[in-house]
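Only one structure is covered here, and it is reproduced in the block below.
In this chain, numbering begins with 1 at the start of the sequence shown. For the numbers below, each heavy atom of this structure counts, side chains included, while hydrogens, waters and symmetry mates do not.
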Amino acid sequence: MPQRNNKLPPRPPTVTWKNAVPLVAVAAVFDAARMFFEMFWLFGPVLLGAYCTGKVSEYVGMLGGATVAACGAGATIVGYVFSPHLVVFGSIMAIAVGIFGWLTVMLLLAMFNARIFKTVANGWLWSLLGLGVSVIPIVGAIPSITLSLLKLYHAQIKKDRAGLKEWQKTTQEILKKVERARQEAELARLYQEQAAAEEEIPEERPKAA
């Protein structure tokens with residue numbers, strides 16, 4: 001009979017890039033918003049010019065070249081005059097978005113994939129590095145939250161794949177042992193049946209002369 005201790009180990013939990021895509025997309029959205037505010041001194045006047053053009057066209061009834069030129073010129077002047085204020089406002093908003101984005105991503109990780117901090121060595125260090133870079137005005141335009149998250153997932157997926165291969169190897173060895181034990185038990189049963197059948201055959205007595 002197969003040995004009772006030949007039990008298959010439970011399949012280890014694994015994470016794939018398919019599982020990582022939703023959270024990486026969330027991190028990318030926060031990084032994009034943070035980069036927008038980092039360059040608010042440029043995007044602010046552009047949005048102002050687009051808003052001006054849209055509002056003027058509602059009253060004029062059509063979008064003429066003069067309207068676009070006037071709104072563009074006005075936005076450029078506003079951007080030049082208020083550039084220091086736009087830079088300060090954008091930096092503050094970029095820091096706020098970076099912190100909020102990092103907290104959101106870490107909360108989602110804790111809810112749906114808390115194992116990543118146990119699986120990946122220095123996982124918390126990588127996450128804190130993403131937070132630190134996201135609040136530095138000089139290099140804040142780098143998508144640090146997304147990059148740190150990709151680093152974490154890459155390390156976890158690589159380790160999960162190695163664990164899965166080891167589990168498959170162990171499982172195959174156990175299955176081979178179980179099959180070998182089953183064959184030996186079946187062979188022993190056949191030998192026993194054959195021996196029992198031979199014992200039941202009566203001996204032939206010699207015929208009288």
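In terms of the side chain to side chain contact (heavy atoms under 4.5 Å, CB included) criterion, residue partners of Gln168 (sequence neighbours excluded) are, by chain and number, Leu164. Considering only residues two or more places apart in sequence or on other chains, Phe112 meets the ring pair (Phe, Tyr, Trp, His ring centres under 6.0 Å) condition with none of them. Evaluation of the ring pair (Phe, Tyr, Trp, His ring centres under 6.0 Å) rule for Tyr153 yields no partner, not counting sequence neighbours. Under the side chain to side chain donor-acceptor pair (under 3.5 Å) criterion, Thr104 pairs with no residue, sequence neighbours left out. Taking Ile92 as the reference, Val88 meet the side chain to side chain contact (heavy atoms under 4.5 Å, CB included) condition, with sequence neighbours excluded. With sequence neighbours left out, Thr171 forms a side chain to side chain contact (heavy atoms under 4.5 Å, CB included) with Leu8, Pro9, Trp167, Leu175. By the side chain to side chain donor-acceptor pair (under 3.5 Å) test, Arg161 is found to be paired with no residue, residues two or more places apart in sequence or in another chain being considered. For Glu186, the side chain to side chain contact (heavy atoms under 4.5 Å, CB included) test picks out Arg189, Leu190, with sequence neighbours left out.
Screening residues 102-115 for salt bridge (Lys or Arg N to Asp or Glu O under 4.0 Å) gives Arg115-Asp160 as the qualifying pairs, with residues at least two apart or on separate chains. Pairs passing the ring-ring contact (aromatic ring centres under 6.0 Å, His included) check and including a residue from residues 14-34, sequence neighbours excluded, read Phe30-Phe100. The stretch residues 86-97 participates, sequence neighbours left out, in no salt bridge (Lys or Arg N to Asp or Glu O under 4.0 Å) pair at all.
Other members of a hydrophobic cluster containing Val21 are absent, since no ILVMFWY side chain comes under 4.5 Å of it, directly or through relayed contacts.
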